[in-house]
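Shown next, in structure tokens, is the structure this report addresses.
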Amino acid sequence: MKILTILGARPQFIKAGRVSREIQRQKAEGRRLKEVIVHTGQHYDANMSDIFFEEMKIPKPDYYLGIGGKSHGAMTGQMIEKIEEVALKEKPDWIMVYGDTNSTLAGAIVASKLHIKLAHVEAGLRSFNMKMPEEVNRILTDRVSDILFCPTKTAVDNLKNEGYFIEEEGRRKKVEGFGKVINVGDVMQDGAMFYKQFAKQPQFTNHQSPIINHYILCTIHRAENTDDPDRLKAIFEALNEIAKEREVILPLHPRTRKLLPSTFNLHPNLIIIDPVGYLEMVWLIDNCLLVMTDSGGLQKEAYFFKKTCITLRDETEWVELVDIGANMLVGADKEKILDTYKQITNNQSQSTNNYSLNLYGNGKASQKIIKELLEYE
Ligand code: UD1
Ligand code: UDP
């Protein structure tokens with residue numbers, strides 16, 4: 001069975017890396033599997049791309065398309081054209097896509113047009129905000145997928161509500177014209193637990209090492225925050241306030257670095273560093289007091305490492321974390337950010353102790369994914 005994996009953005013290297021390892025493992029056990037990896041080039045800086053392949057020992061891409069730093073239309077369109085060429089040459093049994101980026105959508109469109117079976121990992125997630133480019137990408141990708149690998153029960157329920165399957169006598173029944181929906185758990189959980197043993201402290205130039213379990217780990221890159229000057233300003237003003245009290249470590253996405261006004265006065269404790277590799281990131285998560293982010297993946301990783309997360313968005317796809325009190329949605333409202341931060345650090349919040357819940361499966365999502373593909377008729 002030949003799988004053509006399409007990836008291009010940082011979180012996809014992390015997710016697909018775990019599945020690639022599983023493919024290698026099963027190959028070594030004698031299963032007839034071949035993976036061909038296509039890197040679209042959506043993320044291209046060394047610390048947004050190469051570092052993950054090197055540190056995480058992910059097989060190097062077989063094709064590098066070099067399509068990054070463009071508008072949505074140009075990027076997605078050029079990716080479709082190039083992925084189609086590769087797919088026609090490689091003739092895979094499956095195209096496998098991850099998450100909700102433009103690379104995901106491009107891979108999905110090629111698969112559907114060429115009648116190649118499509119597997120979507122992280123299917124069924126919804127923010128119900130159609131202004132998010134990711135929401136459009138994931139809805140369209142789900143619709144043309146043959147197998148939808150959901151990470152959570154919520155994702156399965158979302159698909160049920162959209163008519164992907166019906167339940168009869170407690171059994172899931174596929175609806176004609178829609179793909180097969182399976183809850184396999186979250187591949188990011190597999191990865192976080194595996195790479196924790198290799199965590200490494202990042203180098204901090206011109207700074208002391210941060211105080212363990214005292215600093216805030218923050219990331220910001222979401223379009224709705226970076227492209228709206230008022231939201232970006234409110235978030236950075238809140239971070240500056242917090243920095244008066246403790247260090248805020250911010251590995252900054254290049255998108256945000258380009259859009260943050262150079263005139264903004266950063267507090268010295270608001271420590272901006274370049275994006276870090278995954279092993280450094282795992283170290284930063286494991287040793288922080290709490291996480292503040294608009295990232296999708298980092299919200300879950302906070303939970304895997306038993307850290308409270310303040311989410312700088314108005315909604316989230318990971319609603320189960322909000323339900324158990326592990327995640328607090330504050331949007332880009334300066335006062336709300338600061339109030340929530342104070343509640344948590346003063347121990348007045350309803351922050352959870354429920355970290356033992358199995359919200360994201362049992363760490364075997366990658367294994368289940370390969371098994372399902374091998375058994376699919
Ligand atoms: C993309 C995904 C988003 C995901 C994020 C992960 C879409 C629509 N968005 O957002 O869902 O959460 O990746 O990080 O696919 N840039 C660089 N160097 C790089 C990469 C990006 O300088 O290596 C800069 C460029 O100016 C680029 C901008 O960042 O135009 C935005 O990059 P892009 O890939 O379009 O979107 P992300 O914000 O990274
Ligand atoms: N990440 C990383 N280095 C960084 C910032 C993030 O390795 O400097 C990891 C993070 O731990 C998570 C993934 O990148 O595993 C999340 O990617 P991102 O926030 O870019 O995208 P999203 O998950 O929001 O789509």
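Read the numbers this way: they start at 1 and go in the same order the structure lists the ligands and their atoms. Keep in mind it's a predicted model, so treat the numbers as computed, not measured.
- For the side chain to side chain contact (heavy atoms under 4.5 Å, CB included) criterion with Tyr303, the lone passing option out of Thr308, Val291, Asn327, Leu357 is Leu357.
- Protein heavy atom at the shortest distance from atom 1 (N) of ligand 2 is Met281 CG, 3.7 Å.
- The protein heavy atom nearest to atom 17 (C) of ligand 1 is Tyr44 OH, 3.2 Å.
- For ligand 2, the atoms closer than 4.0 angstrom to any heavy atom of Gly296 are 22 (P), 23 (O), 24 (O).
- Side-chain heavy atoms closer than 4.5 Å link hydrophobic residues (I, L, V, M, F, W, Y) into clusters, and following such links, even through other members, never connects Leu4 to Met1.
- Between His72 and ligand 1 there is a heavy-atom distance shorter than 4.0 Å.
- Note: no N/O pair closer than 3.5 Å links Asp100 and ligand 2 by distance alone.
- In terms of polar-atom proximity, defined here as any N/O pair under 3.5 Å, His253 makes no such contact with ligand 2.
- Note: the hydrophobic cluster containing Met96 does not contain Val36 (ILVMFWY, side chain heavy atoms under 4.5 Å, direct or indirect links).
- When each atom of ligand 2 is checked for a heavy atom of Phe52 under 4.0 Å away, the hits are 7 (O).
- Contact of the Thr40 side chain with the Leu7 side chain is not registered, since no non-hydrogen atoms from C-beta on lie closer than 4.5 Å.
- Side-chain contact between Asp50 and Phe13 is absent, with no heavy atoms from C-beta onward closer than 4.5 Å.
- For ligand 2, the atoms lying closer than 4.0 Å to a non-hydrogen atom of Ile14 are 9 (C), 13 (C), 14 (O), 15 (O).
- Residue-ligand proximity, Asp100 to ligand 1, at heavy-atom distances under 4.0 Å covers atoms 11 (O).
- For ligand 1 and Lys258, the ligand atoms under 4.0 Å from any heavy atom of the residue are 17 (C), 22 (O), 24 (C), 25 (C), 26 (O).
- A cation-pi contact links Lys117 to Trp94, judged by a cut-off of 6.0 Å to the six-membered ring centre and 45° from its axis.
- Residue-ligand proximity: Gly69 is placed with a non-hydrogen atom under 4.0 Å from ligand 1.
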request  = Show your working on side-chain hydrogen bond (donor to acceptor under 3.5 Å, both in side chains) between Asn102 and Asn137 and close with a plain yes or no.
outcome  = CA-CA 7 Å; Asn102 291 340; Asn137 291 343; 3.1 Å; yes
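- For Glu168 and Arg171, the salt-bridge test fails: no basic side-chain N is under 4.0 Å from an acidic carboxylate O.
- In this comparison of Gln12, Gln42, Arg10, Glu135, the heavy atom closest to atom 33 (P) of ligand 1 sits on Gln42.
- Contacts with ligand 1 closer than 4.0 Å are made by heavy atoms of both the backbone and the side chain of Arg255.
- When each of Asp146, Asp142, Thr141, Thr104 is tested with His120 by the rule side-chain hydrogen bond (donor to acceptor under 3.5 Å, both in side chains), just one qualifies, namely Asp142.
- Of all atoms in ligand 2, listed by their number and element, those nearer than 4.0 Å to a heavy atom of Pro251 are 8 (O).
- From the protein, the heavy atom lying nearest to atom 21 (O) of ligand 2 is Pro11 CG, 3.4 Å.
- Ligand 2 has no N or O atom lying under 3.5 Å from any N or O atom of Pro275, backbone or side chain.
- Between Leu114 and Ile95 the shortest side-chain heavy-atom distance does not fall below 4.5 Å.
- Looking at His253 next to ligand 1, an N or O pair under 3.5 Å apart turns up.
- With ligand atoms numbered from 1 in the order given, ligand 1 contributes 17 (C), 18 (N), 19 (C), 22 (O), 23 (O) to contacts under 4.0 Å with heavy atoms of Asp45.
- Inclusion of Ser295 in the set of residues having an N or O under 3.5 Å from an N or O of ligand 2 is warranted.
- Using a cutoff of 4.0 Å between basic side-chain nitrogens and carboxylate oxygens, Asp227 and Arg255 are scored as salt-bridged.
- By the 3.5 Å distance cut-off applied to N or O atoms, Gly297 is counted among the residues near ligand 2.
- Geometrically, ligand 1 and Asn102 share a nitrogen or oxygen pair separated by less than 3.5 Å.
- You'll find the side chain of Ser103 reaches within 4.5 Å of the side chain of Gln12, heavy atoms only.
- If you look at His43 next to ligand 1, the close heavy atoms, those under 4.0 Å, come from the backbone and the side chain alike.
- Partner of Tyr360 under the side-chain hydrogen bond (donor to acceptor under 3.5 Å, both in side chains) criterion, out of Lys300, Glu320, Gln189: Glu320 alone.
- At a heavy-atom cutoff of 4.0 Å, ligand 1 is contacted by the side chain of Pro11 but not by its backbone.
- In terms of protein heavy-atom proximity, atom 6 (C) of ligand 2 is closest to Arg10 CZ, 3.6 Å.
- Using a 4.0 Å cut-off between a side-chain N of Lys or Arg and a carboxylate O of Asp or Glu, Glu29 and Arg31 qualify as a salt bridge.
- Between Lys113 and Glu84 there is no salt bridge, since no side-chain N of the basic residue sits under 4.0 Å from a carboxylate O of the acidic one.
- Proximity of Phe194 to Arg21: side-chain heavy atoms (C-beta onward) are separated by under 4.5 Å at one or more points.
- Nearest non-hydrogen protein atom to atom 4 (C) of ligand 1 is His221 NE2, 3.7 Å.
- When Arg222, Glu301, Gln12, Arg313 are checked for heavy-atom proximity to atom 24 (O) of ligand 2, Arg222 turns out nearest.
- The six-membered or imidazole ring of Tyr195 lies away from that of Trp283, with a centre-to-centre distance of 6.0 Å or more.
- Heavy atoms of Met188 approach ligand 2 to within less than 4.0 angstrom.
- Contact annotation for His221 and ligand 2: only side-chain heavy atoms (C-beta onward) come within less than 4.0 Å of the ligand.
- In summary, the atoms of ligand 1 found under 4.0 Å from a heavy atom of Met48, numbered by their order in the structure, are 23 (O).
- Under 4.0 angstrom from ligand 1, the non-hydrogen atoms of Met75 all belong to its side chain.
- Checked for salt-bridge contact, Arg138 and Glu134 miss the test: no charged N lies under 4.0 Å from a carboxylate O.
- An N or O contact shorter than 3.5 Å links Val276 to ligand 2 by distance.
- Of all atoms in ligand 1, numbered sequentially from 1 with element shown, those under 4.0 Å from a heavy atom of Glu134 are 3 (C), 9 (N), 11 (O).
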